[in-house]
Participant: 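Here it is, the structure in full.
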Protein chains: 2
Amino acid sequence: MKKENVTIYDIAKEANVSPATVSRVLTGNAKVRPQTTRKIVDVIEKYNFRPNSLARSLFHKQSKTIGFILPDINHPFFSTLVQSSEAHALELGYTTFLCNTRNNSENESKYLQSLVEKQVDGIIYLGGRINDTDTDQEYAEEMKTVMERIPVVFVNGQMNGVDAHIVRTDEESGIEKLVELLLNLNHKKIGFLGGKEGISSTDVKRNTFVKMMENKGISVNEDWVLGTGFSIESGEEVAGQLLNLKDRPTAVICANDFVAIGVIKVLTKFGLTVPDDVSVVGFDDIYLAQHFPPGITTVSQNYDHLGQTAINVLVNLINEKEAERETVIPTSLVLRDSCRIFSE
Amino acid sequence: MKKENVTIYDIAKEANVSPATVSRVLTGNAKVRPQTTRKIVDVIEKYNFRPNSLARSLFHKQSKTIGFILPDINHPFFSTLVQSSEAHALELGYTTFLCNTRNNSENESKYLQSLVEKQVDGIIYLGGRINDTDTDQEYAEEMKTVMERIPVVFVNGQMNGVDAHIVRTDEESGIEKLVELLLNLNHKKIGFLGGKEGISSTDVKRNTFVKMMENKGISVNEDWVLGTGFSIESGEEVAGQLLNLKDRPTAVICANDFVAIGVIKVLTKFGLTVPDDVSVVGFDDIYLAQHFPPGITTVSQNYDHLGQTAINVLVNLINEKEAERETVIPTSLVLRDSCRIFSE
DNA sequence: CTGTTAGCGCTTTCAT
DNA sequence: ATGAAAGCGCTAACAG
């Protein structure tokens, strides 16, 4: 059923020219007599001919394609970031392969190999193994082998022993803004919920939180530092644990907005009001943060900035130009209605 | 910097065999002496050699790749559906190209061309132009030209004059279930909110709603049938319009869950309680439906079923096997807490 | 300005 | 069981 493929040879024959000339009008890389061009263009349109990009890439040894590896396209953080990055890549002439690993390390490996075989020109790596605080050495080796052939940019991650180019959100300062905000609102009993130990972004956020509190001379109650993951469900879980405590915090910082949503849900169900009884803040500023009642105060990841920078660094690498080893993207505090001043 | 590519010739030379033999161990398509195989495998591993899939695809005239065209990867409906489909495609040996058009018709055209050039074996089309009730003839022509070369499956859409294979959710019966539910709960003053006229899924849903109501001898108040889009914001907008009315419905069916969320948000802000004052139901069962208070009663799209069927049909088409012209996927009602019995 | 030719990396007859 | 050779569709020297 599939119509036989029309090739540049067919076009050439019908237009009474050589394939090379057809190629020239296709690429626009050499002068062709206007008259000849016309003739060729006509035939091309007649057959709706499209050049085979596989053949083209094979010749050029570059595919004008960028691969994305990410753990979960369903998570707004990733889908938003991908959306920004992809749009920018497209402007720069690159199409993208999206590899959604569904939080599975094996899939990460498979996709990595697949991207190598597909001859992508570069890879943007988000989440997954580059977020483990303790790098698995096997994965690191695999990563290095890939990086010998293909430029890779890590977004919000790193791997011990792997000297990659990194673009990352300034999570430390994001948390600092949140802690300062709560402190200014008179909160002293502050908890940190969500995330997972051993995942670097969680560790960074928690440590920053603890350090800041200590600097202010406020001790952190360890019962209030809980985390089992990054999902809404996980937020519900830790909020449940918190409610079992006699002594509870008056404010909590959540590892991300999903966790904050879960926490707010459970608190509300329990009869507490956010922000009147407990202040809750999140991280990421996913689109839901503004919609989930009462509107979540959070820290924006500045998706466009983050995504575009990642692409720019990668494209520089692809073109063997200079590129910053590490770029830190500033965050911004987004004030909404999920926290308020504490008054006994 | 980029290491020179190792090819099958390099492997052959180092293993003292011909490229053909290396190819044979790579594909496993012909017998090779175990001893020879060993030797070759060793060299392959030594260099971490990966075959160039571009060259392979060029030869085979098939890329083992499926393209997805979709309007918005940020929308949970699409990201969830893609996740299901993609996983299934992978099991069948296909990798996927995701083309996120960001609700832009021009992008649709560009991506369509790009997929042709990239020699994808098939295309899954979601949303966008296949959702216009009045098909743009230019787009239809473009679609047809593509379909002469590449099998295409439409998911939840259709184009007048384009004889495509279709896999779709049974939206009619989904709406019927919702209307019946509300009727059983004694509601008579029911509205339909969200969606956009001229978008087929909206038209189908609205028409089904109106027809059912008429069948039951209940007249539909036209002021209660409002829609400006599919987003949360759009739900907020129409809810605002509804609140301006003196005579308001006691229940509303929303074109999708996003709209329902927007509606609930505004109603709540206005001081009304869902479901006590107004019942609200949605459509899609995105993951948020269970999390957004009070928990949204909705109709599930059965994502896995829908996605896998679409892939199955497409793969059958690719392999020139029989495939259903149109497959209808049943929906299921998901009861939560956003509606209740009406009692004056 | 245009045609001839070689080759990108791989696979598969066709011989041996 | 293995090698030699042609070809997938395209492009870029190199001639003319």
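Every chain is numbered from 1 and lettered A, B, ... according to where its sequence line falls, protein lines coming before strand lines.
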Participant: Check the distance between dT4(C)'s P and Asn16(A)'s CG and give it to me in whole angstrom.
Facilitator: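 To the nearest whole Å, that distance equals 12 Å.
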
Participant: Provide, to the nearest angstrom, the distance between the CD1 atom belonging to Ile8(B) and the C1' atom belonging to dT12(C).
Facilitator: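 My rounded result for the distance is 11 Å.
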
Participant: So does Arg24(B) reach the base of dG3(D) with its side chain, donor to acceptor, closer than 3.5 Å?
Facilitator: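 Yes.
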
Participant: Looking at Lys61(A), I'd like to know whether one of its side-chain N or O atoms comes within less than 4.0 Å of OP1 or OP2 on dT11(D).
Facilitator: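 Checking dT11(D) against Lys61(A), no side-chain N or O comes under 4.0 Å of OP1 or OP2.
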
Participant: In Å, rounded to the nearest 0.5 Å, how long is the span from CD1 of Ile150(A) to CG of Leu317(A)?
Facilitator: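 If we round to the nearest 0.5 Å, Ile150(A):CD1 and Leu317(A):CG are 12.0 Å apart.
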
Participant: Closest-nucleotide mapping onto DNA chain D: is Val17(B) or Tyr9(A) further toward the 5' terminus? I mean the 5' end.
Facilitator: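 Checking each residue's closest nucleotide, the 5'-ward one belongs to Val17(B).
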
Participant: Does the ring centre of Phe68(A) sit less than 6.0 Å away from the ring centre of Tyr125(A)?
Facilitator: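 Here the rings of Phe68(A) and Tyr125(A) have centres that are no less than 6.0 Å from each other.
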
Participant: Does Phe97(A) have its ring centroid less than 6.0 Å away from the ring centroid of Phe97(B)?
Facilitator: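 Yes, they do, as the ring centres are separated by less than 6.0 Å.
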
Participant: Write down the distance between CZ (Phe59(A)) and P (dG7(C)), rounded to a whole number of angstrom.
Facilitator: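 To the nearest whole Å, that distance equals 11 Å.
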
Participant: Below 4.0 angstrom from OP1 or OP2 of dC8(D), is there any side-chain N or O of Ser57(B)?
Facilitator: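 So the side-chain polar atoms of Ser57(B) never come under 4.0 Å of the phosphate oxygens OP1 or OP2 of dC8(D).
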
Participant: According to a strict under-4.0 Å criterion, is Thr21(A) in side-chain N/O contact with OP1 or OP2 of dC1(C)?
Facilitator: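 Checking Thr21(A) against dC1(C): no side-chain N or O falls below 4.0 Å of OP1 or OP2.
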
Participant: Out of dC10(C), dT11(D), dT2(D), which nucleotide sits closest to the side chain of Thr27(A)?
Facilitator: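 Out of dC10(C), dT11(D), dT2(D), the nucleotide with an atom closest to Thr27(A)'s side chain is dT11(D).
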
Participant: How many Å lie between CD1 on Ile11(A) and C1' on dT2(C), as a whole number?
Facilitator: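 To the nearest whole Å, that distance equals 18 Å.
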
Participant: Please work out if Thr7(B) contacts a base, only the sugar-phosphate, or nothing of the nucleic acid, heavy-atom cut-off 4.0 Å.
Facilitator: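 Sugar-phosphate: the residue Thr7(B), judged by heavy atoms under 4.0 Å, touches backbone atoms but no base.
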
Participant: Assign each of His60(B) and Ala30(A) to its nearest nucleotide of DNA chain C by heavy atoms, then name whichever residue's nucleotide is nearer the 5' end.
Facilitator: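 On the 5' side of the pair lies Ala30(A).
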
Participant: Quick check: on DNA chain C, is the nucleotide nearest Leu58(B) upstream (toward 5') of the one nearest Pro19(A), or the reverse? Name the residue that is more 5'.
Facilitator: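 Counting from the 5' end, the first nearest nucleotide belongs to Pro19(A).
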
Participant: From CD of Gln62(B) over to P of dC10(C), roughly how many Å is that when rounded to an integer?
Facilitator: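 In whole Å, dC10(C) P lies 18 Å from Gln62(B) CD.
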
Participant: Let me know the distance between CG of Asp10(A) and P of dC10(D), rounded to the nearest Å.
Facilitator: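 To the nearest whole Å, that distance equals 9 Å.
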
Participant: When you check the phosphate oxygens OP1 and OP2 of dT11(C), does a side-chain N or O of Arg56(B) lie under 4.0 Å from one of them?
Facilitator: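 Result: yes.
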
Participant: Just checking Ser53(A): base, sugar-phosphate only, or nothing, at a heavy-atom cut-off of under 4.0 Å?
Facilitator: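 Nothing, no nucleic acid heavy atom in range.
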
Participant: Could you tell me whether Lys46(A) and Asp42(A) make a salt bridge, using a distance below 4.0 angstrom between a side-chain N and a carboxylate O?
Facilitator: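 Answer for the salt bridge query: no.
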
Participant: Nearest whole Å is fine: how far is dC10(C) C1' from Leu54(A) CG?
Facilitator: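 So the two atoms are 12 Å apart, to the nearest Å.
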
Participant: Rounded to the nearest angstrom, tell me the gap between atom CG in Asn52(A) and atom C1' in dT11(D).
Facilitator: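 About 13 Å, once rounded to whole Å.
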
Participant: Between Arg56(B) and Glu117(A) (salt bridge meaning N to carboxylate O under 4.0 Å), is one present in this structure?
Facilitator: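 Between Glu117(A) and Arg56(B) there is no salt bridge, as every charged N stays at least 4.0 Å from the carboxylate O atoms.
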
Participant: State plainly whether the residues Asp163(A) and Arg325(A) are in salt-bridge range, i.e. N to O under 4.0 Å.
Facilitator: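 Arg325(A) and Asp163(A): salt-bridged.
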
Participant: Are OP1 or OP2 of dT11(C) and a side-chain N or O of Asn29(B) less than 4.0 angstrom apart?
Facilitator: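 Asn29(B) to dT11(C) OP1/OP2: no side-chain N or O under 4.0 Å.
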
Participant: Measuring to OP1 and OP2 of dA4(D), would you say a side-chain N or O of Ser18(B) lies under 4.0 angstrom away?
Facilitator: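 So the side-chain polar atoms of Ser18(B) never come under 4.0 Å of the phosphate oxygens OP1 or OP2 of dA4(D).
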
